[in-house]
Each structure stands twice: as structure tokens, then as C-alpha cells.
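Computed over heavy atoms, backbone and side chain alike; hydrogens, waters and symmetry mates excluded. Whatever order the structure lists them in is the order used to number ligands and atoms, beginning at 1.
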Amino acid sequence: MRLRNVTGSREVIASNEYVVHDPENLKGKWNEFFGNDNPIHIEIGMGKGKFLVQLALANPDINYIGIEKYSSVLIRAVEKRKEMEFNNLWLIRFDAEYINDIFDENEIDRIYLNFSDPWPKDRHAKRRLTSKEFLARYDKFLKSDGEVIFKTDNRVLFDFSLEQVEIAGWKLRNYTYDLHHSEYAIGNVKTEYEEKFSSMGNPIHRLVAYR
Ligand SMILES: C[S@@+](CC[C@H](N)C(=O)[O-])C[C@H]1O[C@@H](n2cnc3c(N)ncnc32)[C@H](O)[C@@H]1O
């Protein structure tokens, strides 16, 4: 395995369970950790990992990091992950509220937010992963040409997100209220939740935000 000299770096818990236990130690060193200069894409709130496992398999020249708050959910992603041979996907159990502790300026090329928790109460708006507070966090480590790609079936959360993008001074590259009947359906990789909600006939909304 490359880059064993990065302090506090990769720790393989069992034979090949790709979980990083001390991500704060890798702030500013993620490319060194992966052992290449390939772009780094992250998913925040990865859930059981279906989406990232598919992407990592299809795109060996991209490094992926999956972030999930709960170990009870992460463990499901670990189970999926350990069946795979590739080494461009690593997982972290971490609360994204503190994401600036683990990524440095210009370190990340793309952030995926898929079916993020809606936090319906107004007083919890700051916890929504597309709130202006979270966009300010992303601003600190996303490359200048980087982007946030967000999918949800929750119309209220989607409209809130469109608003927050504008308030935060970000721009929209494209957005659609019905991904699966749009030109952006081509090449779309469905997440676990997306499979479930689209099979129920719910339209899937998607936006791409950049600065
Ligand atoms: C509704 S699930 C969606 C899972 C997956 N992205 C999908 O589309 O199938 C949202 C996930 O985000 C995780 N999550 C919510 N807030 C988070 C945070 N602040 N940091 C990391 N993960 C978070 C939850 O634990 C949950 O697993």
C-alpha cells in the first residue's frame, strides 16, 4: 500500500475495511494519502454507500471519500466496500458540521449531497447540508472550479437549497425538478434512496452549484 509515511493515515480495521479513523490528521494531505494527484470527490451523508461504490468502480482515476455520521449506517457501507478490489474509495465516520477540521483549502473537487436529511423545523435549518452555513464551510475547501451536486425528492428542501445557493453568492449550473425525465438522466447513478423514491414515482430534483 502506498504512502505509509503519512502520519496517522490509513488504518485498515480488518483485512480490507477501508475506514479512515483519524481524518483530522489528513487535513491538507489527502492526495498524499491516496498516492496520486487525481481529483477527490466526496459524498456527505453517504448512507450505505451504494452510490460511491458504483462511482469508484466506474472511475478509477478519481479518489472518493464517503462521510457518514452514524457507525450503524457506516458499517453497511463497509460491508459493501470490503467486497470490492479497488483502492480509490475510503470511508469516514464523521459529523459534517466539523468538516473544516478534515479538509484544507482547495483540497476537494466535488461534493455530492444525496437525499440529505430535510430537518423540517425552521430552527434546525442550519443543519441542512445545503444551508448557507454549510455552503460557507464547503467554500473553504472546494477548489475554485469545484461544484456541489445535490439530489433529493423533497421539494421543500430543494426550493430552500436553490434559495440558499443564491443567498450564499454561489451560482447554479443547471437544475431540474425531474431528473429522470431530463437530459441529465444520462449517466446518472442512482443512490439507495433514489432507487426507493423514484420507484414510488416521486420526481427527483437535482442542482449543481458552483462559485
Ligand atoms: C436520507 S440518508 C441518504 C443516504 C444516501 N446518500 C442515499 O441517497 O441513499 C441521509 C444520510 O446522511 C447522514 N447524515 C446526516 N447528517 C449528517 C452529517 N451532518 N454528517 C454526516 N452524515 C450525515 C445520515 O446519517 C444518513 O445516513
Would [X] count as a polar contact of ligand 1, with the cut-off being nitrogen or oxygen pairs under 3.5 Å?
X	value
Y70	no
E97	no
I44	no
S116	no

Excluding sequence neighbours, so at least two apart, what forms ring pair (Phe, Tyr, Trp, His ring centres under 6.0 Å) with F115?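 With neighbours one apart ignored, the set is empty.
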Specify the protein heavy atom at minimum distance from [atom]: its residue, its atom name, and the distance to 0.1 Å.
atom	result
atom 22 (N) of ligand 1	K69 N, 3.1 Å
atom 15 (C) of ligand 1	D117 OD2, 3.2 Å
atom 14 (N) of ligand 1	G45 CA, 4.0 Å
atom 9 (O) of ligand 1	Y193 N, 2.9 Å
atom 19 (N) of ligand 1	D95 OD1, 3.0 Å

According to the interplanar angle, ranging from 0 to 90°, do the rings of Y98 and F94 count as parallel (below 30°), tilted (30 to 60°) or perpendicular (above 60°)?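 Correct class here is perpendicular.
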Between F158 and H205, how do the two ring planes meet: parallel, tilted or perpendicular, split at 30° and 60°?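 Geometry flag for H205 against F158: tilted rings.
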Pull out every atom of ligand 1 sitting under 4.0 Å from any heavy atom of [X], numbered as shown with elements.
X	result
E43	6 (N)
E192	9 (O)
F115	1 (C), 2 (S), 3 (C), 8 (O), 10 (C)
M46	5 (C), 6 (N)
F94	20 (N), 21 (C)
T191	7 (C), 8 (O), 9 (O)
N114	3 (C), 5 (C), 6 (N), 8 (O)

So do [Y] and [X] actually touch side chain to side chain, heavy atoms under 4.5 Å?
X	Y	result
L142	R211	yes
F33	I65	no
T130	Q164	no
E147	Y138	no
E97	K126	no

Examine ligand 1 and decide if any of its atoms is less than 4.0 Å from a heavy atom belonging to F51.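 Checking ligand 1 against F51, which is what was asked, there is no heavy-atom contact under 4.0 Å.
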Can a non-hydrogen atom of K151 be found less than 4.0 Å from any atom of ligand 1?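 Not so, K151 does not reach ligand 1.
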Measure from atom 20 (N) of ligand 1 to every heavy atom in P118, G66, G49, A96 and give the option owning the shortest one.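 Closest candidate by heavy-atom distance is A96.
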For atom 24 (C) of ligand 1, the option (of E68, E195, R76) bearing the nearest heavy atom: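 Among E68, E195, R76, the closest heavy atom to atom 24 (C) of ligand 1 comes from E68.
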Measure from NZ or CZ of R128 to the centre of the six-membered ring of F134, then state whether that distance is under 6.0 Å and the direction lies within 45° of the axis.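 Because its charged atom misses either the 6.0 Å distance or the 45° angle limit, R128 does not stack over F134.
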Indicate yes or no for a side-chain donor-acceptor contact from K50 to the backbone of K80 under 3.5 Å, with no hydrogens or angles considered.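 No; zero donor-acceptor contacts below 3.5 Å.
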Using a distance-only test with no angle check, is there a side-chain donor-acceptor pair under 3.5 angstrom linking Y64 and N59?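 Yes, N59 and Y64 have a side-chain donor paired with an acceptor closer than 3.5 Å.
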Between the side chains of E183 and N174, does any donor sit under 3.5 Å from an acceptor?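 There is no such pair between these side chains.
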